[in-house]
Number of protein chains: 2
Amino acid sequence: MAQKQNRSRYAILGILSYRPMSGYDVQKFFADIAGFWQESYGQIYPNLRQLLAEGLVSKQVEEREKGPNRHVYALTAVGQQELHTWLQQTAEPLPVRNELLLKLIFGHEAGPAATRRQLETYREQITADMGNLRIVEAWQEAQMDEGDPHALYRRMAVRHALRTNQALLIWCDECLAELEELVIE
Amino acid sequence: MAQKQNRSRYAILGILSYRPMSGYDVQKFFADIAGFWQESYGQIYPNLRQLLAEGLVSKQVEEREKGPNRHVYALTAVGQQELHTWLQQTAEPLPVRNELLLKLIFGHEAGPAATRRQLETYREQITADMGNLRIVEAWQEAQMDEGDPHALYRRMAVRHALRTNQALLIWCDECLAELEELVIE
DNA sequence: GGAGTCATGTAACTTGTTACATGATTGA
DNA sequence: TCAATCATGTAACAAGTTACATGACTCC
């Protein structure tokens with residue numbers, strides 16, 4: 001019955017399957033990857049400690065003359081097993097809470113001008129996001145050429161966002177047109 | 001500095017701008033609306049009490065012979081003002097954590113068969129979802145015809161999901177094709 | 001008779017973020 | 001000189017879900 005989720009735990013195990021990393025590296029990896037996942041230090045460090053205690057990861061301290069030492073964590077065989085088990089389970093659709101849509105359905109209360117502004121801002125955000133995504137996509141393709149076996153999958157993730165954004169630009173225009181009609185009538 | 005979010009608070013204020021409702025009604029409204037927002041009783045009841053204490057909503061008890069009384073809450077002028085202020089502020093893109101994509105980028109570790117299974121399940125979920133969305137869309141259109149001024153906006157929200165899902169079906173096929181190639185080579 | 005709906009509400013828990021503390025190095 | 005990056009970690013908080021308690025009515 002007890003539904004322990006703790007997705008951070010598996011995100012960390014997963015990324016350590018790429019290669020051994022420090023907590024700092026883990027944070028950076030997700031920050032760079034393109035927006036569909038993030039981890040904060042407040043999750044990463046306690047989770048790494050926990051994973052170490054459970055024997056799912058091992059730790060090696062890299063001595064450095066300057067600044068704090070790097071604590072590099074690697075997946076153990078047990079950790080890999082746990083990761084595998086999790087990967088076989090169907091990803092369940094997480095409950096979404098979309099604030100833009102929430103504001104949108106109160107559009108009658110907000111007024112058409114405010115609603116139009118929301119949509120236009122959203123449109124700009126999406127456009128900007130797509131610029132970044134195309135850069136990341138190209139970067140993943142470069143990694144593929146270099147023989148990184150993970151890059152193909154990361155490119156899929158990037159394209160998920162690209163496809164979605166593409167569709168949402170059309171949606172924005174559709175909505176803006178509908179609002180125009182409302183104002184004219 | 002203090003970044004109080006509490007989106008439940010505004011979700012509740014917003015929905016009370018449609019019409020006075022009980023906590024039970026609020027939950028049901030979001031459950032019915034089509035998946036881009038939900039509220040649990042654990043959020044609704046304490047928030048309603050808080051909003052009442054702050055004078056943003058008023059409460060009226062409907063006596064009923066059988067079962068518990070209905071506590072019906074209505075937006076006050078102050079509450080409407082607070083809602084307005086919130087509606088004018090740009091909706092910030094919430095940080096997403098997409099579990100499917102997380103599993104996907106560990107596809108090399110999971111193996112092509114497991115990855116294919118994930119994508120196929122996702123595809124089925126989306127297809128099923130679109131069926132529901134089309135029903136909700138039709139329902140919103142019926143409400144529009146009946147003169148509900150909010151229905152146009154709710155239809156926009158539904159179409160947001162329809163457009164997204166449409167794009168993601170194409171994305172799924174694209175990914176599945178790419179996986180096929182991987183296996184063949 | 002059993003499932004579902006109506007209807008209130010709370011307590012325990014999980015999950016996650018933000019801000020802070022600390023401090024050196026590097027590059028514009 | 002100022003911002004960014006490297007690097008560890010914790011404490012306080014916010015947000016939200018789930019499960020429970022309670023109980024009647026209605027429809028199949």
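The sequence lines fix the lettering, A, B, ..., with proteins before strands; numbering per chain opens at 1. Values reported hereafter were calculated over all heavy atoms of this structure, with side chains retained and with hydrogens, waters and symmetry mates removed.
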Please report, rounded to the nearest Å, how far the P atom of dG9(D) is from the CG atom of Leu51(A).
13 Å
Test side chain to side chain donor-acceptor pair (under 3.5 Å) applied to Glu109(A) and Gln80(B), step by step:
CA-CA 9 Å; Glu109(A) 192 68 24; Gln80(B) 195 181 30; 2.6 Å; yes
Between residues 24-32 of chain B and DNA chain C, which residues have a heavy-atom gap below 4.0 Å?
Tyr24(B), Lys28(B)
Closest to the side chain of Tyr45(A), out of dG16(C), dT17(D), dG9(D), is dG9(D)
Within the structure shown, what part of the strands sits under 4.0 Å from Arg9(A) by heavy-atom distance: base, sugar-phosphate, or nothing?
nothing
Does Asp25(A) pair with Arg70(A) as a salt bridge, N-O distance under 4.0 Å?
yes
Option from Arg159(B), Arg155(B), Arg154(B) for which side-chain hydrogen bond (donor to acceptor under 3.5 Å, both in side chains) with Gln140(B) holds:
Arg154(B)
Output the rounded distance in Å from CZ (Arg97(B)) to C1' (dT14(C)).
12 Å
Does a side-chain N or O of Arg7(A) approach OP1 or OP2 of dG16(C) to a distance below 4.0 Å, or not?
yes
Assign each of Gln43(A) and Leu48(B) to its nearest nucleotide of DNA chain C by heavy atoms, then name whichever residue's nucleotide is nearer the 5' end.
Leu48(B)
dA14(D) P sits how many Å from Tyr10(B) OH, rounded?
14 Å
Return the value, rounded to whole Å, for the distance between atom CD1 of Ile44(A) and atom P of dT10(D).
13 Å
Is the distance between the ring centroids of Tyr18(B) and Phe29(B) less than 6.0 Å?
yes
Please confirm whether the backbone N or O of Trp86(B) pairs with a side-chain atom of Lys103(A), one donor and one acceptor, at under 3.5 Å?
yes
Would a 4.5 Å heavy-atom cut-off, applied to side chains only, mark Gln143(A) and His150(A) as touching?
no
Is there a side-chain contact between Ser22(B) and the phosphate of dT8(C), meaning an N or O under 4.0 Å from OP1 or OP2?
yes
Under-4.0 Å side-chain N/O to phosphate OP1/OP2 contact, Ser8(A) with dT15(C):
no
Do Leu56(B) and Gln81(B) have side chains that get closer than 4.5 Å, going by heavy atoms?
no
Touch check for Gln38(B), heavy atoms < 4.0 angstrom, all strands: base, sugar-phosphate only, or nothing?
sugar-phosphate
Which pair of heavy atoms, one from Leu102(B) and one from Arg7(A), lies closest together, and at what distance?
CD2-O, 4.4 Å
Of the options dG9(C), dT17(D), dG16(D), whose atoms approach the side-chain atoms of His71(B) most closely?
dG9(C)
Expressed in angstrom and rounded to an integer, what is the separation of Asn47(B) atom CG from dT10(C) atom P?
12 Å
Check every atom of dT17(C), dA7(D), dA7(C) against the side chain of Arg70(A) and return the nucleotide holding the closest atom.
dA7(D)
Assert: residue with more 5' nearest nucleotide on DNA chain C, out of Tyr41(A) and Lys59(B), is Lys59(B)
Rounded to whole angstroms, how far apart are CD1 on Ile12(A) and P on dG16(C)?
10 Å
Measure CG/Asn6(B) against P/dC13(D) and give the value in whole Å, please.
17 Å
Has Arg49(A) got a side-chain N or O lying under 4.0 Å from the OP1 or OP2 atom of dG9(D)?
no
Residue Pro46(B), side-chain heavy atoms: nucleotide from dT10(C), dA15(D), dT8(D) that is nearest
dT10(C)
Measure the distance from CD on Glu39(A) to P on dA7(D) and round it to the nearest whole Å.
19 Å
